[in-house]
Novice: 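Attaching a single structure in C-alpha cells format; questions to follow.
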Amino acid sequence: MNTVTITIKKQPNLFIEAECFTPDALAGKNAEKIAELPVYIGRTTEKVGDYFEVSGSAGATAAETKLVVAGDLTRVKYIGSKMTAGEVVINGDTDMYVGAWMTGGKITANGNIGHFAATSMAGGEIVVNGNAGNYLGASYRGDWRGMSDGKIVVSGNVGSDCGTFMLGGEICVGGNIDVHVMTHADGGKVVVFGNAKSRLGGQASRGEMYVFGTVDVMLPGYVYARDEEVEVCGKKALFAVYNGDIADRHPTRKGETIYAKLYLKK
C-alpha cells in the first residue's frame, strides 16, 4: 500500500471542504498532481497545495492507497467522506463529516472528530481515539436513512443524536453519550460503556441499545420485558431488557411484534 501524507501548513480564514481527501480521489496521482486538486472555501475554489504540504504517491487504486492527514484540522471538513476502500489516518482534531457516506475502507482518527461524522455510512470502519460530536452515524438533515452498515468505535465520549434514523451497523462508545440515541431507528446497534443522559430510542421501531453505565431519564415508551445475559463487544453481562418505543407502530413477524430493545446492565 502506498502512502500519501498531507500536512496543513496554513490555516484558512473560513472552513476548507476537502472532499478530495480520500483514497479514491488520490489513486494514481503523485504529490504534484494531488497538490493541484481543488478544495472549497466559501464561494471560492482553491488548491490543496495552497494550504497543505503533500508528500508521497498514491497507489494505482483506492484499495492500494493510505492517506495520512496531519496537523490542526479543526477547520477541515469531509475527510474520508464517500471513500470506498483504502485507509485514512487523521493525526489531529478535525471538523465535520469525517467518513460521511463512506462504503468501505478504514478511517483511524487519532484525535477528536466533529459533528455529522459517518452520516449515512454504508460500510467500512471508523476508529476514533478521542471524542466524536453530535449526529454520529445519523441521517443527513431532512433524510430518513442513517447509518446502514459498517462499524464505528469511539474510545471517548459522543455528543447528542447518535444513530438518528439508523438502519444497521454498529457503534461502540467507550465513554459517555449525550441525549437522543437511535431516534427513529429501524435497525443497528449502539453500545455505550459509560453513561447515557436521556431519550434513548425515541420512536425507534427496531434496533438494539446497550448501556453499561447509567441512564439519567428513561423514556416512558420503554417497558421491562425480562433479564438476559448477553455478550456484546467482547463483554458478557446481565441486562434488564426493555421493549419500545411502544408509542410508535411496530412490524410483526410470525404473529409477534418486533420492538427496539434497550439493554441496561444490572
Side-chain angles (χ1 to χ4, degrees), residues 77-78 80-82 94-103 107 109 112-126 128 131-154 156-211 213 215-222 232 242-251 258-264:
K77 306 176 187 290
Y78 294 105
S81 69
K82 298 182 181 178
T94 186
D95 197 46
M96 298 192 293
Y97 293 111
V98 169
W101 302 284
M102 70 183 287
T103 58
I107 297 174
N112 301 322
I113 61 173
H115 308 310
F116 300 103
T119 293
S120 301
M121 177 180 179
E125 183 180 4
I126 299 176
V128 183
N131 302 318
N134 303 330
Y135 292 96
L136 176 69
S139 61
Y140 191 67
R141 289 282 176 84
D143 198 356
W144 55 270
R145 292 162 294 188
M147 176 180 180
S148 60
D149 202 355
K151 184 173 183 177
I152 304 170
V153 178
V154 180
N157 301 321
V158 170
S160 70
D161 299 283
C162 174
T164 298
F165 283 109
M166 192 172 180
L167 301 172
E170 181 177 324
I171 301 174
C172 296
V173 180
N176 302 322
I177 197 164
D178 209 331
V179 298
H180 293 293
V181 179
M182 294 186 80
T183 305
H184 303 295
D186 193 26
K189 178 193 298 183
V190 173
V191 181
V192 182
F193 286 102
N195 303 321
K197 287 188 175 178
S198 64
R199 301 185 182 91
L200 285 81
Q203 292 192 307
S205 56
R206 283 184 283 202
E208 299 173 356
M209 298 158 283
Y210 297 81
V211 180
V215 175
D216 287 354
V217 181
M218 284 280 291
L219 277 177
Y222 279 78
V232 57
Y242 293 80
N243 290 333
D245 182 348
I246 61 172
D248 207 38
R249 293 182 178 178
H250 288 265
I258 300 171
Y259 293 102
K261 298 189 183 316
L262 173 59
Y263 294 75
L264 300 183

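Keep in mind that the numbers below use all heavy atoms, side chains included, and drop hydrogens, waters and symmetry copies. For reference, positions follow the sequence shown, starting with 1.
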Novice: Spell out, as yes or no, whether a donor-acceptor pair under 3.5 Å connects the side chain of Ser120 to the backbone of Arg145.
Specialist: yes

Novice: Can you tell me how far apart NZ (Lys82) and OG1 (Thr103) are? Round to the nearest 0.5 Å.
Specialist: 11.0 Å

Novice: Check the pair Asp216 / Ser198 against side chain to side chain donor-acceptor pair (under 3.5 Å), numbers first and verdict last.
Specialist: CA-CA 6 Å; Asp216 287 354; Ser198 64; over 6 Å; no

Novice: If the test is side-chain contact (heavy atoms from CB on, under 4.5 Å), which one of Glu170, Met182, Met147 qualifies with Val190?
Specialist: Met182

Novice: Say you draw a straight line from CD1 of Ile113 to CG of Asp95; how long is it, rounded to the nearest 0.5 Å?
Specialist: 11.0 Å

Novice: Does the Asn157 side chain pair with the main chain of Asn176, one donor and one acceptor, at a distance under 3.5 Å?
Specialist: yes

Novice: With distance as the sole test, does Asn112 use its side chain to make a donor-acceptor pair with the main-chain N or O of Asn131 at under 3.5 Å?
Specialist: yes

Novice: Establish, for the pair Arg141 and Tyr135, whether the NZ or CZ atom is under 6.0 angstrom from the six-membered ring centre and no further than 45 degrees off its axis.
Specialist: yes

Novice: Please report the shortest heavy-atom distance between Ile152 and Ala118, naming the atom on each side.
Specialist: CD1-CB, 3.4 Å

Novice: Please determine whether side-chain contact (heavy atoms from CB on, under 4.5 Å) holds for the pair Tyr242 and Leu264, giving the CA-CA distance in whole Å, both sets of side-chain angles, and the decisive distance to 0.1 Å.
Specialist: CA-CA 8 Å; Tyr242 293 80; Leu264 300 183; 3.8 Å; yes

Novice: Measure the OG-CH2 distance between Ser139 and Trp144 for me, rounded to the nearest 0.5 Å.
Specialist: 10.0 Å

Novice: How far does CE of Met121 sit from CD1 of Ile126, to the nearest 0.5 angstrom?
Specialist: 4.5 Å

Novice: Classify the angle between the aromatic ring planes of Tyr97 and Tyr140 as parallel (below 30°), tilted (30 to 60°) or perpendicular (above 60°).
Specialist: tilted

Novice: If you compare all heavy atoms of Val181 against all heavy atoms of Met209, which two are closest, and at what distance to 0.1 Å?
Specialist: O-SD, 4.0 Å

Novice: Within the side chain of His115, is there an N or O that forms a donor-acceptor pair under 3.5 Å with the backbone of Gly133?
Specialist: no

Novice: When Ile171 is tested against each of Lys189, Met166, Lys151 for side-chain contact (heavy atoms from CB on, under 4.5 Å), which residue passes?
Specialist: Met166

Novice: Parallel, tilted or perpendicular: which one describes the rings of His250 and Tyr259, with boundaries at 30° and 60°?
Specialist: tilted

Novice: For a 4.5 angstrom cut-off between non-hydrogen side-chain atoms, does Asp245 reach Tyr222?
Specialist: yes

Novice: Taking Thr164 for its side chain and Asp161 for its backbone only, find out whether a donor-acceptor pair lies under 3.5 Å.
Specialist: yes

Novice: Using every non-hydrogen atom in the two residues, find where Gly175 and Val192 come nearest and quote the distance to one decimal.
Specialist: O-CG1, 3.6 Å

Novice: I'd like to know if the side chain of Asp186 and the backbone of Ser205 have a donor-acceptor N/O pair within less than 3.5 Å.
Specialist: no

